Each structure stands twice: as C-alpha cells, then as structure tokens.
Amino acid sequence: DGGITQSPKYLFRKEGQNVTLSCEQNLNHDAMYWYRQDPGQGLRLIYYSQIVNDFQKGDIAEGYSVSREKKESFPLTVTSAQKNPTAFYLCASSIVPGQTYSGNTIYFGEGSWLTVV
Amino acid sequence: AQKVTQAQTEISVVEKEDVTLDCVYETRDTTYYLFWYKQPPSGELVFLIRRNSFDEQNEISGRYSWNFQKSTSSFNFTITASQVVDSAVYFCALSLMFSGGYNKLIFGAGTRLAVHP
C-alpha cells in the first residue's frame, strides 16, 4: 500500500544529543514536509522540500536540520541546539503543483513522539 | 494576517447527537484552499476534505457535511448522528501559495471531540 512511514514511533533523547527521525514515502510525491505539534496546539512547519537536494526553512527551523538525497526520503535531525524538542513530529508529502496553484492535498504519516530525558 | 481560528477547544457529546465544529480563517489572498483533517488517538492526520475559495457549494459525504461561507470567512464541519469512532482532534487548515508553487498549510489549534456512548 502507498503511504508515508515514520520511524521510530517513540524516541527518547538525552540532553545534548542529536537524534534523527526517519520519513519514507512511496507515493511518488516530489514535495515533503516536517511539522511539529505541541499539546493542544496546531501544527507548525519546520522544513519543506520540493525536489531532491533542495529544501527550505519553515517557520520554526532553528535547532533542526534535514536532507533530501532521495525522492522517497526526508529525514529530520533534532540537534542539541533545539532547546525544547519534546513534541510530536509529523512528516508529510504532496505532489508539486505546476504553474497553476491547485492547493494540492498534503498527506501525513503517523508521527513520531520525541521526549527529552 | 493569515490565521485560522478554531474557537472550540473541546466538545463532548453523546452518541447520535449532531455536532458542528467551527472554523474561521483570515487571509487577504483571493485564491486559497481550506482543509479539514482528523487526528485519531494514533496520531496520524487523516485528510477529510479540500475546498477552494471559488467554490462555496456545501458538501456532504455520508454523515459529514461542510458549510463554506466566504462572507463570514468560515468553513464549518458538521457530523450528523455522531459515533464513538468520531472521537478525535479535528483540524481546520488554510492553504496559501508561496513562491515556486509551494503551498503552505496554516493550521488552527484543533478541536477535540469526545463522543460518549
């Protein structure tokens, strides 16, 4: 079945440690995104990528890094510079619109819980 | 300002009751899209509906219906004859186009719906 797979589902990070969250999609989507969700709040965009080897900062990119070496994969690294990393992280993907804006639907994975211990 | 407001933080109903989730948005763009997503306890965001700014027709899908009114900048979601399986957090989102055709989702804070037997 086509979809977006995130791993691990639960991750614990020690102070000062970098951790990487995996995101793989087999939907043949060009665009991929990372969102952060805090309790009782909506989602906020961390990074997005429209094409392989290219990515852009979202609204809250500080303390995070990404790479896009393959179309299917968009891993997110939460660095030690991120002071409050405990949150729920959601990866998403969509087709890339052409010249005409068409509000393409963004599809989400099941998310990863990150907790600092 | 681009913003989505879901004023109802939590709603609790008894099974078979009808319930309406409110969504009010702000944007100066004339072309935009509105979305509703459902987030069950498992965490994944499930796409429910997409509506463009030029289509104000109401839509019905089974027990779900949506009322889009540009005059009041609202995109409300009604569940008829609610069921326990409808219990989830529901997010309304506004999609705007940015440079390069990239579309960004702006989320509301979500409404937690609890349906009791």
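The structure displayed is predicted, hence computed values, not measured ones. Residue numbers start from 1 in every chain, and the chains themselves are labelled A, B, ... in the order their sequence lines are given, proteins ahead of strands.
There is a path of hydrophobic side-chain contacts, each under 4.5 Å, that joins A:Leu11 to A:Tyr89.
Using a 4.5 Å cut-off between heavy atoms, A:Leu43 touches chain B through backbone and side chain atoms alike. For a residue to count as touching a neighbouring chain, one of its non-hydrogen atoms must lie under 4.5 Å from one of that chain's; by this rule A:Gln37 touches chain B with the side chain only. Of the atoms belonging to B:Gln39, it is side-chain heavy atoms, and not backbone ones, that fall under 4.5 Å from chain A.
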- Item | side-chain contact (heavy atoms from CB on, under 4.5 Å) between B:Leu105 and A:Tyr35, worked out | CA-CA 10 Å; B:Leu105 278 179; A:Tyr35 284 86; 3.6 Å; yes

- Candidate pair A:Thr105 and B:Tyr37, rule side-chain contact (heavy atoms from CB on, under 4.5 Å), full reasoning: CA-CA 11 Å; A:Thr105 299; B:Tyr37 286 89; 4.2 Å; yes

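Atom NZ of B:Lys70 is surrounded by more than 12 heavy atoms from other residues, nucleotides or ligands within 6.0 Å. Crowding of A:Lys57 atom NZ: a count of heavy atoms from other residues, nucleotides or ligands under 6.0 Å not exceeding 12. Heavy-atom neighbours of A:Arg44 CZ from other residues, nucleotides or ligands within 6.0 Å: above the threshold of 12. In A:Leu27, the CG atom is crowded: over 12 heavy atoms of neighbouring residues, nucleotides or ligands sit closer than 6.0 Å.
No close placement of the A:Phe108 and B:Phe47 rings is indicated, their centers lying 6.0 Å or farther apart.
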